[in-house]
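Structure, as structure tokens:
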2 protein chains.
Amino acid sequence: MAEVVSTTPSTPAAGSKSEHAYVAVKSRIIDGSYSPGYRLVLAQIADDLRVSVVPVREALRRLEAEGLLTFERNIGATVAGIDPTEYLYTMQTLSIIEGAATALSAPLIKPADIARARAINTEMRECLDHFDPVRFTRLNQDFHSVLFENCPNPHILDLVHRGWARLASMRSSTFRFVPGRAHNSVDEHEALMRLIEADADPDEIERVSRLHRSATLDAYLAQSKQ
Amino acid sequence: MAEVVSTTPSTPAAGSKSEHAYVAVKSRIIDGSYSPGYRLVLAQIADDLRVSVVPVREALRRLEAEGLLTFERNIGATVAGIDPTEYLYTMQTLSIIEGAATALSAPLIKPADIARARAINTEMRECLDHFDPVRFTRLNQDFHSVLFENCPNPHILDLVHRGWARLASMRSSTFRFVPGRAHNSVDEHEALMRLIEADADPDEIERVSRLHRSATLDAYLAQSKQ
DNA sequence: GAATACGAAATCGTATACGAAGGCTAGGGT
DNA sequence: ACCCTAGCCTTCGTATACGATTTCGTATTC
């Protein structure tokens, strides 16, 4: 399955405690054990992971650079997120980056990829009845992964991954708030796949992909405004 | 003047040695004191800056997450760059991000900003005669800073900054290699400003801005191919 | 009773120390 | 002459220690 959660290009320093701490904290943030606003205490984490504080500090620095948490001098680190504005910014950024990634990826997508994507989208459609936001969001992530994962530019790919990670960390899960959006989303997925199959103009693919995400954002905004 | 070198939203931990090390190493990379491939030795840097290795390690981690250098376990850190492929990736990414940033920024640009941009572009034009690639590149950076600095989405803005920093760190300076490109560039700047002044469709501004950078990249590729 | 000032506890930031891993050089063997 | 091996030197990775800073509670005063 497509790996979306991770990473900078090649895992740096596998086996080091620093790396271990990085992975551990990151996954705890993403799976929600450390929810937004959570206060990360160095000594406590270090104790948890049976390491000293030094590697933990390094891990937190890396996560800070990725935007998953914020540091304050002499205060400590807190998990980022929560702020609706932040959500908006992240979605907008992701719409741009993911659109580009999908367009660049499109020419390299093989029929087998499309088949996988379609299978996932079918699952999503079935999921619409007894609606499970979490499962739906997960499938959504898998679906898009298939479409952009072939992007030949590793920087862009990395940025997409980071964007998804940020979204996951603020577990807004959108569809939890705007279940009505899910239906449209599935249809737009189908349209997007058609374009890719037909070797459509990359600009068009980029436009559609970007709009797809913007629409989700708009739905969220319309919802939260009322 | 527009600050382009810096970084993550608000400077984290001002006054800390870690921050000091971060700024120092980053500027040395960008100004070329540490050129690509340079081997960064912790103890040596720490000694240079009169601090211990711990803050230096943290600084290097942050720079790693920004892509300015790479880490290898038990080996050390080396300044990234050099690789022409890397240059290509960075330019492509920046074309997308900066295009979006410029488009988002455009509606917020005031006549005074345009005036500043135009003044810089005039300097660039004058610079064409007794051509100085370094100065030209610097002006180019300033020019674009004016155009995208109003972008209301801080994430995107941050990505643009990082892209510029990466480019600066590999000091390819493009115009050094493709002086012929400089002339077109100045003209395209003028066209871009006209669009912004006329409150053109943001999509159009984004397209033009992206093409502007792509053209520079293409010129570089055409040059290096022969 | 509320506000302020003082002090203790918690937590961070950094230095120092030491063990481990990689690389280089010299010496011996084939 | 060349390759392989042993040992040293460099440099990294992490633990521990300690001073600095913030926070929170308590007591004292108006």
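Numbers restart at 1 for each chain; the letters A, B, ... are given by sequence-line order, proteins then strands.
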Whole angstroms only, please: what is the [atom1]-[atom2] distance between [X] and [N]?
X     : N      : atom1 : atom2 : value
A/Y22 : D/dT14 : OH    : P     : 16 Å
B/K17 : D/dA20 : NZ    : C1'   : 11 Å
A/R61 : C/dT14 : CZ    : P     : 8 Å
B/L42 : D/dT14 : CG    : P     : 12 Å
A/E64 : C/dG13 : CD    : P     : 10 Å
A/Q44 : C/dA10 : CD    : P     : 14 Å
B/I45 : D/dC12 : CD1   : P     : 8 Å
A/E72 : C/dA10 : CD    : P     : 21 Å

- Message: Check the phosphate of D/dA15 against A/S52, side-chain N and O only, distance under 4.0 Å to OP1 or OP2. Yes or no?
- Response: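 Yes.
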- Query: Distance check: side-chain N/O of A/R57 vs OP1/OP2 of C/dG13, anything under 4.0 Å?
  - Reply: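 For A/R57, the contact criterion (side-chain N or O under 4.0 Å from OP1 or OP2 of C/dG13) is met.
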- Message: Which residue in the set B/V56, B/V51, B/V54 passes side-chain contact (heavy atoms from CB on, under 4.5 Å) when paired with B/K17?
- Response: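 Only match with B/K17 under side-chain contact (heavy atoms from CB on, under 4.5 Å): B/V51.
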- Check every atom of C/dT14, D/dT14, C/dT11 against the side chain of A/V41 and return the nucleotide holding the closest atom.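 Nearest listed nucleotide: C/dT11.
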- Message: Can you tell me which nucleotide in C/dC12, C/dG13, D/dT14 comes closest to the side chain of A/R39?
- Response: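 So the side chain of A/R39 is nearest to C/dC12.
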- Item | First encountered from the 5' end of DNA chain C, between B/N74 and B/V53 |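 Nearer the 5' end of the strand: B/V53.
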- Query: If you pin A/P55 and B/G76 to their nearest nucleotides in DNA chain D, which one's is more 5'?
  - Reply: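 Closest to the 5' end, via its nearest nucleotide, is B/G76.
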- Is B/V54 touching bases, backbone alone, or none of the nucleic acid, heavy atoms closer than 4.0 Å?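 Since a base atom lies under 4.0 Å of B/V54, the category is base.
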- Task: May I ask you to say what A/L40 touches in the nucleic acid, namely base, sugar-phosphate or nothing, with a heavy-atom cut-off under 4.0 Å?
- Result: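 It contacts sugar-phosphate atoms only.
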- Between B/N153 (side chain) and A/Y89 (backbone), is there a donor-acceptor pair under 3.5 Å?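 Yes; judged by distance alone, with no hydrogens or angles, the pair exists.
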- Taking A/S35 for the side chain and A/G32 for the main chain, is one N or O donor matched with an acceptor at less than 3.5 Å?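 No; judged by distance alone, with no hydrogens or angles, the pair does not exist.
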- Heavy atoms, side chains only, cut-off 4.5 Å: are A/S95 and A/L217 in contact?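 They are not in side-chain contact.
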- Query: So, do B/H189 and B/H144 sit near enough that their side-chain heavy atoms are less than 4.5 Å apart?
  - Reply: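 A side-chain contact under 4.5 Å exists here.
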